[in-house]
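Beneath this line is the structure, given in structure tokens, with notes to follow.
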Amino acid sequence: MEANAGEEGAESSPAPSPQTENKENGLPLPFMGMKVRRRASLLKECHGDYVGVTSDPYLSKILAKQGNAAFYVLVLFSSDGQVLFADKVLRFTGSGKIKRRILLITDFAIYLIDSDSDVLKRRIALAAVEKLCVSELNDNFFAIIIPSEYDCLMASTRRTEIVDTLVEFTRISSGFELEILRSNRFEYNAAADMVKEVEFQEVNGNAQRKPAIG
């Protein structure tokens with residue numbers, strides 16, 4: 001669960017527009033209002049770890065703590081506890097705010113880490129994930145559905161790799177075939193007591209997320 005239990009309820013400001021600038025480099029935020037991906041982007045090699053987890057002392061410390069200090073041995077010498085995917089993503093809160101996070105997937109759990117403070121915000125066991133929701137457009141949005149907790153709506157330019165990783169290793173670890181719901185409109189639990197409906201549409205070649213209803 002997220003360490004800051006009041007994070008969802010405290011966020012009430014409206015979501016930034018698709019042209020909101022990235023404070024780090026002055027460029028528009030990624031994933032928002034982007035054009036549909038070209039075929040060439042689907043041919044990029046998948047490397048898995050795009051943030052250098054093993055060379056980052058803060059990320060390694062988080063995983064070591066969660067894995068009872070066995071992470072360093074496991075990640076180097078065993079298939080157990082290995083980092084399957086790690087990259088920066090955007091997470092959308094129930095109130096519409098956008099949070100930068102590091103999405104880290106091991107063969108046991110999904111981690112959401114604050115990319116600015118290197119603080120673990122949430123840990124989700126792979127076994128708790130019921131399904132993934134994606135739009136029918138070639139966009140970057142996806143939702144992880146966790147019935148026992150609350151769901152996560154996120155965006156990543158590596159959405160396909162994230163989905164493939166979760167499906168493959170859920171099947172390997174438990175034999176469970178993770179459901180993938182493809183729809184331009186779906187509901188998700190933005191918080192334990194908050195159901196939202198999100199809709200996607202293509203406008204002038206751009207895949208856009210309409211404001212959540214609910």
Side-chain angles (χ1 to χ4, degrees), residues 1-35 50-51 58-59 62 85-105 109-124 128-129 131-135 137 139-159 162-163 166 181 183-203 206-214:
M1 297 293 291
E2 295 205 6
N4 184 355
E7 184 180 30
E8 292 292 336
E11 296 167 346
S12 59
S13 60
S17 68
Q19 299 302 320
T20 300
E21 290 190 346
N22 185 327
K23 294 181 180 179
E24 295 179 358
N25 54 25
L27 299 175
L29 276 171
F31 326 129
M32 303 300 293
M34 291 183 64
K35 290 185 178 297
Y50 299 95
V51 296
Y58 297 102
L59 295 180
I62 288 172
F85 179 88
D87 196 16
K88 293 182 178 180
V89 301
L90 296 181
R91 187 179 78 84
F92 301 88
T93 71
S95 59
K97 293 188 71 174
I98 299 175
K99 297 288 186 179
R100 290 182 176 85
R101 295 284 183 259
I102 292 174
L103 174 67
L104 197 156
I105 304 172
I110 300 168
Y111 297 84
L112 287 173
I113 300 164
D114 189 316
S115 58
D116 295 321
S117 62
D118 289 313
V119 172
L120 176 63
K121 305 299 291 184
R122 188 176 183 188
R123 181 186 185 276
I124 305 164
V129 178
K131 65 181 176 182
L132 305 173
C133 296
V134 297
S135 78
L137 304 175
D139 55 30
N140 304 293
F141 298 95
F142 64 100
I144 301 177
I145 308 302
I146 311 105
S148 60
E149 304 175 23
Y150 60 92
D151 308 327
C152 285
L153 178 64
M154 293 182 280
S156 168
T157 53
R158 295 188 171 96
R159 182 185 76 170
I162 292 169
V163 170
L166 290 172
L181 172 65
S183 175
N184 288 337
R185 174 182 287 187
F186 57 80
E187 290 186 344
Y188 72 103
N189 291 310
D193 57 352
M194 182 189 300
V195 177
K196 293 278 188 178
E197 182 180 77
V198 63
E199 182 178 351
F200 303 90
Q201 61 183 3
E202 187 173 341
V203 180
N206 293 287
Q208 296 183 357
R209 177 179 67 96
K210 294 181 69 175
I213 304 170

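- The shortest non-hydrogen separation linking L132 to I144 is CD2-CG1, 3.9 Å.
- With a 4.5 Å cut-off on side-chain heavy atoms, F85 and L104 do not count as touching.
- Ring centroid separation for the pair F92 and F141 comes in under the 6.0 Å cut-off.
- Contact check for L90 versus R100: side-chain heavy atoms found under the 4.5 Å cut-off.
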Test side-chain contact (heavy atoms from CB on, under 4.5 Å) applied to E199 and F186, step by step: CA-CA 7 Å; E199 182 178 351; F186 57 80; over 6 Å; no
From CA spacing to verdict: side-chain contact (heavy atoms from CB on, under 4.5 Å), D139, R159: CA-CA 8 Å; D139 55 30; R159 182 185 76 170; 2.8 Å; yes
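- The pair K121-D114 does not count as a salt bridge, with every side-chain nitrogen at least 4.0 angstrom from each carboxylate oxygen.
- Scanning both residues, I145 and D151, for their nearest heavy atoms gives CA-OD1, 3.4 Å.
- Counting heavy atoms from C-beta on, the side chains of I110 and R122 never come closer than 4.5 Å.
- For the pair A128 and P147, the tightest heavy-atom approach, listed with the atom from each and the gap, is O-CD, 3.6 Å.
- Among all heavy-atom pairs drawn from I146 and C152, the shortest one is CD1-N, 4.3 Å.
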Candidate pair S156 and N140, rule side-chain contact (heavy atoms from CB on, under 4.5 Å), full reasoning: CA-CA 5 Å; S156 168; N140 304 293; 5.7 Å; no
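- To the nearest 0.5 Å, atoms CE (M154) and CD1 (I162) are separated by 7.0 Å.
- Between the OH atom of Y58 and the CG atom of L120 there is a distance of 15.5 Å, given to the nearest 0.5 Å.
- Atoms OH and SG, on Y188 and C133 in that order, are 11.0 Å from each other to the nearest 0.5 Å.
- Each of I113, L112, D87 was scored for a side-chain contact (heavy atoms from CB on, under 4.5 Å) with L103, with one residue passing: L112.
- Note that CZ of R101 is 5.5 Å distant from CZ of R91, once rounded to the nearest 0.5 Å.
- The pair R185-E197 counts as a salt bridge, with a side-chain nitrogen and a carboxylate oxygen less than 4.0 angstrom apart.
- Taken to the nearest 0.5 Å, the CG atom of D193 stands 11.5 Å off from the OH atom of Y150.
- Minimum interatomic distance between K88 and I102 (heavy atoms only, all atoms of both residues): CG-CG1, 4.2 Å.
- Between K196 and A190 the shortest heavy-atom distance is CG-CB, 3.7 Å.
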